[in-house]
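Below, all heavy atoms of this structure are taken into account, side chains as well, without hydrogens, waters or symmetry copies. Predicted, not measured: the structure shown is a model, and the values here were computed from it. Numbering of ligands and ligand atoms starts at 1, following listing order.
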Amino acid sequence: MEWYALLIIPIVMVIAVVLRTINFKPVVIPEMRKRHEIDEKKVVESLSKMIQFKTISNLDSSLVNQAEFKAFRTFLKEHYPLINERAEYSEHEAGVLFHIKGESEEFPTVFMSHYDVVPVMDGWQEDPFSGRINLDTVYGRGALDTKSSLNAVMESVEFALSNGKNFKNDLYMAFSGDEEIYGPSAPAIVNYFKKKGIKPYMVLDEGGAIVSNMFPGVKNKVAVIGIAEKGFMNLKLTAVSQGGHASTPPKNTPITDLSKAVIKLNNHPSFRLKLTSPVKSLFDTIAPYSKSFGIKLLFANLWLFTPVVKLIAKLSGGEFLSMFKTTQAFTLASGSDAINVLPSSASFGINYRLRPGETSDQIVKKVTKIIKNPNINVEVIVSCEASTVSLIDDAYRMIEKAIKRTWTDVIPSPYLMVATSDSRHYHEICEHVYKFSPMDVSKKDLGKIHGFDEDISIENIINGTNFYLNLIDQL
Ligand SMILES: [Zn+2]
């Protein structure tokens, strides 16, 4: 064999890489923009009213004002005459369920949302529950998370019914009243579905949104639709003391034992990066839009460059990195009550967010192995596995179509949600669970969620309602 025969493999590889890059083009299915003749003033005022109910959830149930929750549910029953005339209404824990019968019950759709909000801290510029309508915004807790999507669901369905809409399939509207505290209403509704043998064809809940600067070299805004979400686990490490006095301390105390364990866990490379299918779907969808040849070359050839992409993820950190791995955050530390007293026991709390494919069991085993200290007790306080991955097929295409009819210049894309939502409970009974909040949000908006001075633009309120109507058109 001649020496230059050795060059054949690298040359073929280079040609393959370049060809794949050149052919790496976005799949564009154009859609005509469609607006509906909704009464915009009514839609905006309805959200304002919803915000005025102080439906603040709290883990301590004695601090929850049940009357506000009840008043909100009454509002839903009185404010939407057509829905209430047509739908069967039921309550499940703090959750409410409306069921509108379609021509067939075979392929039901579920529109989800939640009407509870997180508490407000001092520092708001105005009354957080004023629901004040300004020139171009509506102000108050829950404006973004997520009375806006609840309002958009109710307003769009009411409007569709007023136009004589007949649903081909059953439609459910399921709103929980304790999403923010991982409460029981969404599981109760799922149990109700199971008992009745109802298998939703498609579920849509809050989740991704329309975001800017999503991907290097892509100018368009991207509408990210969650097709899976990470799991979570709270772990408590506890070490106990052999006793002793702070004036004559032993070499090892619960605090030193735990500190060593934390350092070991923090430095361990064991939480490997993995390119899971929802993240790969995201890259496959948006990377072809990149104006950067280098970026396209990388992402068109993940068969070769996945290690490079993982390295970039490691270097960039943040949400980009968390899509690849199970993350570990040390959150809670407790020991002795006074500086001059040795603790009889000490503990550390760790919050894990589990990537698809890595289970809480595997993590507990890993943690125990890494810290390698029989004096430290490892205890799972709460855990929930990563969801399954929803299919990208006809149901997904309906959401995509509704997005493109509402915002013509955005790129819809599947992605992995790193936060949790109530819709995680639906994965076991449905293969098409999607997580998308129909609004265009800036970084500043995202900071207002669970923060101060939450408000939503009137444009988002109107577009959100049009989005659901564009989806309802297909149901
Ligand atoms: Zn929410």
The Zn ion (ligand 1) to nearest N/O/S of Glu179 below 2.8 Å: no
N, O or S from Glu206 under 2.8 Å to the Zn ion (ligand 1): yes
Would you kindly say whether Ser360 and Glu385 are connected by a side-chain donor-acceptor distance under 3.5 Å? yes
Lys49 to Phe53 six-membered ring, cation-pi geometry met (6.0 Å, 45°): no
Looking at Asp145, pick out the N, O or S atom nearest to the Zn ion (ligand 1) and give its name. OD1
Using ring centroids (six-membered ring only for Trp), state whether Tyr115 and Phe175 fall under 6.0 Å. no
Determine the sole option in Thr55, Asp205, Asp145 for which the side chain to side chain donor-acceptor pair (under 3.5 Å) test with His114 is passed. Asp145
